[in-house]
Amino acid sequence: MKRNDWPETLLAWFDGSRRALPWREEHPRNPYHVWVSEIMLQQTRTETVKGYFQRWMEQFPTIRDLAQAPEEQVLRAWQGLGYYSRARNLHKAARQVMAEWGGQLPRERKALGSLAGIGAYTVGAILSMAFGEKIPAVDGNLLRVLSRLYGVEEDISGTQGKKTITALAEEAIPGDRPGDFNEALMDLGAEVCIPRHPRCEACPLTAFCQAWKEGKTETLPVKKPKAPQKELAAACGLVVREGRYLFHKRPAKGMLASMWEFPMVLEPGAEKARSSLVKLLETEAGPAVWQHRHVFTHQIWNMTAYVMERAEVPGGEWSWFSPEEWEKVPLAGPHAKLADWLKKTVDRNEKV
DNA sequence: TAAGCGTGGGG
DNA sequence: TCCCCAAGCTT
């Protein structure tokens with residue numbers, strides 16, 4: 001069999017094994033739905049996205065609805081999904097599309113790629129799936145599947161490795177079903193050609209697979225290991241006044257940007273964190289009532305919450321929220337955990 | 001180019 | 001428990 005016969009076999013497999021997903025229901029596909037789903041799916045599991053996608057479309061049915069919504073509402077809808085710059089960029093891009101493209105996603109590569117949050121992968125995904133254009137959508141699945149299929153030993157986390165895989169995909173993609181081709185490779189990567197211990201016995205492409213032939217299915221693709229996290233102590237203050245707690249809005253850039261949090265300081269050690277919090281709030285720290293270890297991709301927060309008696313509110317954006325109120329604003333993930341615990345404690349009429 | 005940016009599932 | 005990782009983009 002010739003090496004380039006595999007796309008036909010792949011598409012035949014896809015016709016029988018295609019996953020049913022909320023954003024795949026329409027024919028032709030709604031470009032806005034493709035767009036939102038692709039952004040949500042970045043670095044995020046399909047199962048997690050399903051619920052978020054459906055709630056999103058109820059809240060923001062069209063690009064116009066999204067563009068007109070306040071940022072707080074957009075971030076709240078994204079709360080818990082992670083990588084919040086995706087939500088802010090989606091919101092920004094919706095406004096760009098309304099202002100510059102009459103509310104319709106542009107179909108031209110350069111214009112589409114100039115929108116906030118839309119990079120090379122997402123351009124390929126939208127153009128191929130929504131508009132039938134012959135362009136690969138090179139995501140982690142394609143990198144992994146094609147590196148095995150062609151026996152690519154290059155590091156796929158680097159620019160050169162991505163170039164190599166992209167060239168192979170461009171050569172293989174069929175002009176009549178480009179969107180199906182991309183989705184088929186993603187489905188295969190998600191269910192069969194999975195990262196660890198691929199299910200080669202269920203794979204339709206073993207006859208074409210170089211890694212299978214050479215016994216390298218467990219060792220390909222080659223990826224550079226990730227850097228270890230920094231570990232920090234996070235001291236949080238619970239400051240209550242007439243049933244409301246003091247919150248701070250995080251800066252518009254950086255980690256958990258524009259999300260609300262309990263007053264918090266980060267330091268290398270717990271004692272230093274506690275004393276810095278005391279300094280920030282200009283008050284004494286009461287007992288530590290809650291502890292939690294929160295692991296991010298690049299940081300670990302060892303959190304401790306202290307009851308604080310009173311506060312002189314420092315500069316920046318601060319507000320007082322009751323439990324009912326804080327359920328309507330976007331909370332930073334680790335603080336949402338603390339807020340849940342606090343609400344339960346208050347509901348039981350326990351003193352904090 | 002490499003680092004920064006979240007979260008939850010599964011081995 | 002620990003570690004890897006899932007449909008990337010931006011700076």
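Chain naming here is simple, since letters A, B, ... match the order of the sequence lines and numbering starts at 1 in each.
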Inset, instruction - Report yes if the distance between the aromatic ring centroids of A:W35 and A:F131 is under 6.0 Å, otherwise no. - result: no

Legend entry - Aromatic contact, A:W23 with A:F53 (centres under 6.0 Å): yes

Inset, instruction - Decide if atom NZ of A:K92 counts as having more than 12 heavy atoms of other residues, nucleotides or ligands within a radius under 6.0 Å. - result: no

Indicate, with a heavy-atom threshold strictly under 4.0 Å, whether [X] touches base, sugar-phosphate, or nothing.
{"X": "A:K337", "value": "sugar-phosphate"}
{"X": "A:A190", "value": "nothing"}
{"X": "A:Q299", "value": "sugar-phosphate"}
{"X": "A:L142", "value": "nothing"}
{"X": "A:V49", "value": "nothing"}
{"X": "A:T297", "value": "base"}
{"X": "A:A227", "value": "nothing"}
{"X": "A:G158", "value": "nothing"}
{"X": "A:S37", "value": "nothing"}
{"X": "A:P225", "value": "nothing"}

Inset, instruction - Applying side-chain contact (heavy atoms from CB on, under 4.5 Å), name anything that partners A:P178, two or more places apart in sequence or on another chain. - result: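 For A:P178 the side-chain contact (heavy atoms from CB on, under 4.5 Å) partners, ignoring immediate neighbours, are A:S128, A:I173.
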
Legend entry - Of the listed nucleotides C:dG8, B:dG6, C:dC5, the one nearest the side chain of A:L256: B:dG6

Would you kindly give the [atom1]-to-[atom2] distance between [X] and [N], to the nearest whole Å?
{"X": "A:D139", "N": "C:dC9", "atom1": "CG", "atom2": "C1'", "result": "14 Å"}
{"X": "A:L41", "N": "B:dG8", "atom1": "CG", "atom2": "C1'", "result": "15 Å"}
{"X": "A:I300", "N": "C:dC2", "atom1": "CD1", "atom2": "P", "result": "9 Å"}
{"X": "A:E231", "N": "C:dC3", "atom1": "CD", "atom2": "C1'", "result": "15 Å"}
{"X": "A:I194", "N": "C:dC4", "atom1": "CD1", "atom2": "P", "result": "17 Å"}
{"X": "A:Q229", "N": "B:dG4", "atom1": "CD", "atom2": "C1'", "result": "13 Å"}

Legend entry - Residue mapping more 5' on DNA chain C - nearest nucleotide basis, A:R45 or A:G119: A:R45

Legend entry - DNA chain C: 5'-proximal contact among A:E38 and A:I118 (nearest heavy atom): A:E38

Legend entry - Nearest-nucleotide comparison on DNA chain B, the residue closer to the 5′ end among A:R196 and A:G82: A:G82

Measuring to OP1 and OP2 of [N], would you say a side-chain N or O of [X] lies under 4.0 angstrom away?
{"X": "A:H294", "N": "B:dT7", "result": "yes"}
{"X": "A:T159", "N": "B:dT1", "result": "yes"}
{"X": "A:T122", "N": "C:dC9", "result": "yes"}
{"X": "A:Y83", "N": "B:dG4", "result": "no"}
{"X": "A:K224", "N": "B:dA2", "result": "yes"}

Inset, instruction - Could you check which residues of residues 10-26 of chain A get a heavy atom under 4.0 Å from DNA chain C? Sort them by number, please. - result: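 The stretch gives A:R19, A:L21, A:W23, A:R24 as the residues lying under 4.0 Å from the strand, ordered by number.
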
Inset, instruction - Quote, to the nearest angstrom, the P distance that separates B:dG6 from C:dT11. - result: 14 Å

Legend entry - hbond_proxy A:T44 side chain to B:dG6 base (donor-acceptor, 3.5 Å cutoff): yes

Do the charged groups of [X] and [Y] touch, with an N to O distance under 4.0 Å?
{"X": "A:E153", "Y": "A:K216", "answer": "yes"}
{"X": "A:E231", "Y": "A:R293", "answer": "yes"}
{"X": "A:E325", "Y": "A:K328", "answer": "no"}

Inset, instruction - Could you pull out the closest heavy-atom pair between A:M264 and A:C236, with the gap in Å? - result: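 Looking at all heavy atoms of both residues, the shortest contact is CG-SG, 4.0 Å.
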
Legend entry - A:H335 and its side chain to side chain contact (heavy atoms under 4.5 Å, CB included) partner, picked from A:M259, A:H292, A:M303: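 Among the candidates, only A:M303 passes.
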
